[in-house]
Amino acid sequence: MVETAPDRKAAAAALPSLTPAEMLAEVGELGRRMSEGARLFSEVRDADVQIATTPKDVVWRQDKVTLYRYRPLAESKNLTPVLIVYGLIGRYTMADLQEDRSLVRNLLNLGLDLYVVDWGNPSRADRYVSIDDYVDGYLADCVSFIADASNRETVSLLGICEGGVFTTCFAALYPERVNAMVLTITPIDFHGDTRESRAGHGFINVWTRSLTHEDVDRLIESQGSLPGALMGSVFSMMTPMRTLTKYNLDLLDALDDKKKFLNFLRMEKWIADRPDHPGEAAKQWLKDLYQDNKLFESRFELGGRTVKLADITCPVLNVFAKDDHIIPPATSQALRDKVGTDDYTELGLPGGHVGVFVGGRAQALLGTGIAEWLEARE
Amino acid sequence: MDQFDAFKAMGEFWARAGTNFLGMPGTPFAQGAGQGVGQGAGPGQAMPTWPGLQPTDFAGLADAQSALAMSWASATALSTTLAETLRGSGTADPTATAVLARIFDPKAWLGGGAEFDGGLSRMAEGPRLADLWTMERKLGALSTAWGGLQRAQAEHNAVMLDGWTRAAGAFAKLVNERTERGEGFRSAREMMSLWIETANTVLLDVQRSEAFLASQRAMLKATTDLRLAQQEIAAATSELYGQPSRVEMDDVHKGLTELRREVRALRRAAAAATKAEAKRSEAASARENADG
């Protein structure tokens with residue numbers, strides 16, 4: 001494992017050096033930036049870094065789960081309402097990070113009727129809440145509420161990441177209740193990473209498969225949940241040096257530009273909001289899906305029924321990020337040959353896992369792409 | 001803040017980032033702050049003792065620490081060389097020396113010591129309960145679990161140090177090549193960028209290695225074992241003082257979750273019945289209107 005140690009004497013002799021004057025000049029520039037940064041920090045108020053500010057109202061609540069309906073920002077197109085479903089790792093606020101980087105606002109501006117479900121903050125008391133409860137329970141009830149409120153039989157679903165897995169399961173179990181389904185950065189074939197070998201991509205898949213079922217069971221037994229901080233750490237490991245430089249070099253770079261600086265802080269705020277994943281649901285997520293790939297193989301069971309991807313008969317738009325290191329594109333695109341509908345569309349967007357939602361070019365394409373696709377499925 | 005303070009602050013920034021990195025599962029060394037390689041003294045320092053602890057509880061730990069000490073010595077020597085040579089001959093600027101030493105400090109890849117706020121370390125934290133000496137059996141298990149975690153940490157640290165040494169070697173090679181071409185660094189930032197890029201490539205490779213995954217799994221398992229051993233003691237204490245234990249609370253929560261499922265099912269059944277009744281009434285009204 002240890003490679004040959006470098007020839008230190010050779011390195012010492014050959015390394016070039018900066019002159020004291022050059023070093024001092026850089027130090028001076030650094031001092032200027034840090035002074036500017038201190039000024040910016042002193043000026044920043046909570047209100048400046050608020051996220052998920054698009055106006056919305058609570059319309060339904062059960063246990064820790066809350067369903068919101070967004071207030072319209074444009075004339076309604078009278079399309080089937082759309083329910084945004086995020087996963088239990090992270091929070092839906094990523095879809096509404098800030099005014100100029102918001103999938104939610106983009107869709108509202110295009111006349112969609114939009115709902116979002118917030119799973120709340122699960123604690124140890126929610127250890128026994130399972131994916132069955134989220135899909136067959138809370139999600140099913142949210143869909144019922146929206147259908148009743150809009151006097152329709154069906155709703156459209158927009159799943160994000162793990163939330164996309166939830167909507168996929170729901171669409172397979174209740175095809176008659178889904179008008180159309182949009183999946184974004186959603187893993188379907190959890191072993192699909194093995195078909196791609198890009199450096200730094202799919203580490204969560206590799207890491208999870210390096211554990212045994214017993215490891216997962218004991219982790220949940222000891223913690224009662226999959227701690228959000230642990231998952232955050234695994235995400236950080238995927239970009240190791242970026243993690244080391246984030247709060248020094250990256251932050252220093254952001255200090256030159258107040259807008260960039262505030263964007264940095266808002267993103268940090270979203271990243272820091274990482275709820276714990278309920279224990280039983282985490283076991284299913286890690287063992288049944290990541291380790292055993294049961295969803296892709298149509299062996300995943302919820303509420304006593306088997307989730308069969310071929311039972312998904314609604315139109316499907318599958319959006320993936322071309323440089324997604326967390327959900328490698330192959331793991332998403334694997335759905336193509338599994339669904340039971342011919343109306344299946346893929347949309348590959350530039351950027352990474354989060355960049356698809358907040359990156360300048362990708363987020364514009366995402367909003368328009370989803371709205372136009374949905375409108376064509378009415 | 002003058003320029004020198006600013007440069008020192010940058011060094012602190014760097015060290016803090018390294019510390020934060022430590023709290024993650026890839027570098028989960030923080031449990032037992034002050035006992036790991038990240039706490040200044042480096043590996044091989046005296047291990048804290050627990051009352052009732054038997055040496056046999058730590059079979060293998062000494063070997064792991066010895067291997068880690070060798071990796072550590074190699075990495076620190078290389079780190080010193082890199083920092084000294086990049087500082088340049090003749091400048092003798094103590095601030096610059098300190099900052100460069102920080103940037104190329106292999107500890108940033110290991111443990112942060114006192115400030116541990118990441119995933120596994122938080123998981124492993126718990127009541128020390130050091131005053132409960134009467135529960136020898138449980139404390140013995142706790143001690144064994146603690147020793148297991150120390151061993152797993154040492155073995156994982158050795159893997160990370162090997163990675164750092166590889167990265168530093170690759171960096172030195174690249175710098176040598178630049179020098180041979182007559183290219184210098186235009187700025188310290190450019191030099192750092194090269195280091196970051198080189199180290200990132202190596203780290204990603206290390207993380208995919210069987211050694212890394214195995215040692216990290218061992219870390220996770222050891223952390224879990226320690227946590228469960230701590231909970232055993234907490235449960236015994238709860239029983240002693242008539243307080244509800246974790247197991248009892250879990251039972252309650254399980255019951256609550258099941259009750260919620262039943263309530264949800266009943267609500268649905270009631271709603272479906274109401275809808276069906278409404279449809280029947282509507283149909284009946286329609287028939288009456290048609291007949292009438």
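Lettering of chains follows the sequences in order, A, B, ..., and the numbering in each one begins at 1.
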What do you reckon, is [atom1] of [X] surrounded by more than 12 foreign heavy atoms closer than 6.0 Å?
X	atom1	result
A:Arg61	CZ	no
A:Lys287	NZ	yes
A:Glu176	CD	yes
A:Glu214	CD	no

Quick check on the interface: out of [options], who has the most heavy-atom pairs with chain B under 4.5 Å?
options	result
A:Asp136, A:Val129, A:Asp215	A:Asp215
A:Leu211, A:Thr212, A:Asp63	A:Asp63
A:Ala140, A:Ser210, A:Ala199, A:Ala125	A:Ala125

Considering only heavy atoms from C-beta outward, does the side chain of [X] approach that of [Y] to under 4.5 Å?
X	Y	result
B:Arg267	A:Gln62	yes
A:Tyr138	B:Arg264	yes
B:Leu213	A:Arg209	no
A:Asp126	B:His253	no

Can you tell me how far the [atom1] atom of [X] sits from the [atom2] atom of [Y], to the nearest 0.5 Å?
X	Y	atom1	atom2	result
B:Lys275	A:Ser144	NZ	OG	6.5 Å
A:Arg124	B:Arg246	CZ	CZ	4.0 Å
A:Leu219	B:Lys221	CG	NZ	12.5 Å
A:Arg127	B:Asp250	CZ	CG	4.5 Å
A:Arg218	B:Thr223	CZ	OG1	11.5 Å

Original post:
Between B:Asp225, B:Leu256, B:Thr201, which shows the greatest number of heavy-atom pairs under 4.5 Å with chain A?
Top reply: B:Asp225
Original post:
Can we say A:Asp133 and B:Arg260 salt-bridge, meaning some charged N sits less than 4.0 Å from an Asp/Glu carboxylate O?
Top reply: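 Result for this pair is no, no salt bridge flagged.
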**OP:** Would you check, one step at a time, whether the test side chain to side chain contact (heavy atoms under 4.5 Å, CB included) holds for B:Lys254 with A:Glu280?
**Re:** CA-CA 11 Å; B:Lys254 189 173 188 180; A:Glu280 286 304 308; over 6 Å; no
**OP:** Check the pair B:Gln216 / A:Trp207 against side-chain hydrogen bond (donor to acceptor under 3.5 Å, both in side chains), numbers first and verdict last.
**Re:** CA-CA 9 Å; B:Gln216 196 175 65; A:Trp207 181 79; 2.6 Å; yes
Original post:
Closest heavy-atom contact between B:Leu204 and A:Gly200?
Top reply: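 Nearest pair, atom of B:Leu204 first, then A:Gly200: CD2-CA, 3.8 Å.
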**OP:** Quick one: list whatever passes side chain to side chain contact (heavy atoms under 4.5 Å, CB included) with A:His201, sequence neighbours left out.
**Re:** A:Arg198, A:His325
Subject >> Under 4.5 Å from any heavy atom of chain A - which part of B:Lys173 >> reply: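 Neither; nothing under 4.5 Å.
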**OP:** Would you confirm whether B:Gln207, through its side chain, and A:Phe203, through its main-chain N or O, come within 3.5 Å as a donor-acceptor pair?
**Re:** no
